[in-house]
There are 2 protein chains.
Amino acid sequence: MISKKTKYALKALLVLAQNFESQQLTLITDLALKEKLPKKFLELILLDLRNGGILVSKRGKGGGYKLAKNPEFITIGQVIRILEGTLSPLPCLSQKAYRKCEECLNEETCSVRAVMKEVRDATVRILDATSLHDMLHRINTSESLSYVI
Amino acid sequence: MISKKTKYALKALLVLAQNFESQQLTLITDLALKEKLPKKFLELILLDLRNGGILVSKRGKGGGYKLAKNPEFITIGQVIRILEGTLSPLPCLSQKAYRKCEECLNEETCSVRAVMKEVRDATVRILDATSLHDMLHRINTSESLSYVI
DNA sequence: TATTAACCCTATTGGATTAGTAGAGAATAT
DNA sequence: ATATTCTCTACTAATCCAATAGGGTTAATA
């Protein structure tokens, strides 16, 4: 399960991706209202995304947030890594946040690890290949909505 | 991330899968010792697996645990569903434990859900296709250990 | 330069979940 | 009987999650 934090982040980022062309800054308040997200909580999330290099902000009157780069170059994988720390189902599989499993005798021959590595690889393949731009587009293209068919 | 509970369960099940041919019962104590798992905690896990239909037990002297069916017919997906409740990254995608996302306006057009559905489908595809028997076999077959190459 | 708008940062909190531990109870073989 | 072994309920400490609170800092503008 991904956390609400991550889900809220993605919802807010999609709004910012829609606004990207305009070059304008968007207020936290507006993001919170538009997506029905708790404002103070969203503040923390946006701060994480900013520190993660995905957003840029401007303080003071006339301030706000916008994407740090084109929505085509921001992937869901990046976002989840910032907010969840990793995409891996086991700590011993994470690139970013590797930790040894203390009860594991031999990582090379651990078959739990081997299967979970397949899962991680499949997940990474999807999430690092899907950008905010892709997601925006996907809403309106029925062929990708397999659950509708 | 999968919980330690699930990881411990898989480790114990793999030992039981190895012992399956013998038709013999295995003691909780032996499973705990062999895989270095906390015994009392493992007791609870095995109970869950038994209630989930994956193990059968016998009490009293000469008692113990064994698999309820052939290791070929026990998948990692089943095990994770018993211990984690679901394989889905979002509650609104779970078959077994569906819950609506309260802040979500329209499930049909939610692109977060659409991407996560891809992840869930890929995960399910792997985990429901991998049995305990597969895992045991995989330890000794180098072609599946992609990280060795 | 005072005001106001907006993000920034730290701390706190209530509740849930995780990862166990404790101990008595029930079944079974000998 | 009694050893043994699983069963069941309860408890606990630590951590994480999902917020909320409130003051601090920055910047525009009148």
Side-chain angles (χ1 to χ4, degrees), chain A residues 1-12 16 24-33 35-52 54-68 80 82-86 89-91 97 99 101-103, chain B residues 1-12 16 24-33 35-52 54-68 80 82-86 89-91 97 99 101-103:
Chain A
M1 286 277 177
I2 65 171
S3 62
K4 292 201 174 189
K5 209 163 170 172
T6 298
K7 208 194 326 176
Y8 293 172
L10 291 171
K11 299 224 171 200
L16 291 170
Q24 306 235 314
L25 296 170
T26 306
L27 301 184
I28 296 177
T29 303
D30 290 347
L31 292 171
L33 282 176
E35 295 297 316
K36 292 197 191 171
L37 309 176
K39 186 189 165 191
K40 288 297 271 180
F41 192 33
L42 183 59
E43 277 188 30
L44 300 183
I45 295 168
L46 296 178
L47 220 41
D48 281 346
L49 293 171
R50 177 180 148 276
N51 293 333
I54 282 185
L55 296 179
V56 289
S57 62
K58 192 173 168 239
R59 305 221 273 194
K61 203 168 190 174
Y65 275 103
K66 66 174 182 175
L67 300 183
I80 297 184
I82 289 171
L83 293 166
E84 307 270 332
T86 183
L90 288 175
R99 272 178 302 123
C101 298
E102 63 271 10
E103 83 286 349
Chain B
M1 287 276 178
I2 65 171
S3 63
K4 292 202 174 190
K5 208 162 171 173
T6 297
K7 207 195 327 177
Y8 294 172
L10 290 172
K11 298 225 171 201
L16 290 171
Q24 306 232 313
L25 296 169
T26 306
L27 300 182
I28 296 177
T29 303
D30 290 347
L31 292 170
L33 282 176
E35 296 297 316
K36 292 196 191 172
L37 309 176
K39 186 189 164 190
K40 288 297 271 182
F41 192 33
L42 182 59
E43 279 185 25
L44 300 182
I45 296 168
L46 297 178
L47 221 41
D48 280 346
L49 293 171
R50 177 180 149 277
N51 293 333
I54 282 186
L55 295 179
V56 290
S57 61
K58 195 177 167 229
R59 306 219 273 196
K61 203 169 191 174
Y65 275 104
K66 65 174 184 176
L67 300 184
I80 297 183
I82 289 171
L83 293 166
E84 308 270 332
T86 183
L90 287 176
R99 272 179 302 124
C101 298
E102 65 271 11
E103 83 286 349

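So you know, we letter chains A, B, ... as the sequences are listed, proteins then strands, and number each from 1. Computed from a predicted model, the values in this text were never measured in an experiment.
When the side-chain contact (heavy atoms from CB on, under 4.5 Å) test is applied to B/T6, the partners found at least two apart in sequence or on another chain are B/I2, B/S3, B/L10, B/I80, B/L83, B/E84. Applying the side chain to side chain donor-acceptor pair (under 3.5 Å) test to A/K4 and every residue at least two apart in sequence or in another chain returns B/E102. In terms of the salt bridge (charged side-chain N to carboxylate O under 4.0 Å, His left out) criterion, residue partners of A/D48 (sequence neighbours excluded) are, by chain and number, A/K5. Here B/K7 pairs with A/E103 under the salt bridge (charged side-chain N to carboxylate O under 4.0 Å, His left out) rule; sequence neighbours left out.
In this structure, A/T26 OG1 and A/K66 NZ are separated by 10.0 Å, a value rounded to the nearest 0.5 Å. Separating the CG atom in B/L67 from the CG atom in B/L55 is a distance of 6.0 Å, to the nearest 0.5 Å.
For the pair A/M1 CE and D/dA18 P, the interatomic distance rounds to 11 Å; values are reported in whole Å. In this structure, B/L25 places its CG atom 11 Å from P of D/dT7, rounding to the nearest Å. Put simply, CG on B/L49 is 12 Å from P on D/dT7, counting in whole angstrom units. When the P atom of D/dG24 is taken as reference, atom CG of A/L47 falls 18 Å away, rounded to whole Å. When rounded to the nearest whole Å, the span between CG of A/L27 and C1' of D/dA27 equals 14 Å. The CZ atom of A/R59 sits 5 Å away from the P atom of D/dT26 (whole-angstrom rounding).
Looking at B/L47 and B/Y65, their side chains come closer than 4.5 Å, going by heavy atoms from C-beta outward.
Across all strands shown, the partner of C/dG20 is D/dC11, judged by Watson-Crick or G-U wobble contacts whose two distances both fall under 3.5 Å. Pair assignment for D/dA19 gives C/dT12, based on Watson-Crick or G-U wobble hydrogen-bonding distances that are each under 3.5 Å.
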Side-chain donor-acceptor distances from residues 56-64 of chain B under 3.5 Å, at least two apart:
residue	atom	partner	partner atom	Å
B/S57	OG	B/R50	NE	3.1

Show me the donor-acceptor pairs within less than 3.5 Å that the side chains of residues 35-44 of chain A make with the rest of the protein, sequence neighbours left out.
residue	atom	partner	partner atom	Å
A/K39	NZ	A/T29	OG1	3.4

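With a heavy-atom cut-off of 4.0 Å to chain B, the contacted part of DNA chain C has its first and last nucleotide at C/dA19 to C/dA29.
In this structure, A/G60 and A/N51 both approach DNA chain C, and ranking their closest nucleotides by distance from the 5' end singles out A/G60. Two residues, A/K5 and A/K61, neighbour DNA chain D, and the one matched to the more 5' nucleotide by heavy-atom proximity is A/K5.
If you check residues 36-46 of chain A against DNA chain D, the residues with a heavy atom closer than 4.0 Å are A/P38, A/K40, A/F41, A/L44, listed by number.
Taking only side-chain nitrogens and oxygens, A/Y8 never comes nearer than 4.0 Å to OP1 or OP2 of D/dA18. In this model, the phosphate group of D/dT7 is approached by a side-chain N or O of B/R50 to a distance below 4.0 Å at OP1 or OP2. For D/dT5, neither phosphate oxygen OP1 nor OP2 lies less than 4.0 angstrom from any side-chain nitrogen or oxygen of B/T29.
When heavy atoms are screened at a 4.0 angstrom cut-off, A/T26 is found touching the sugar-phosphate backbone but no base atom.
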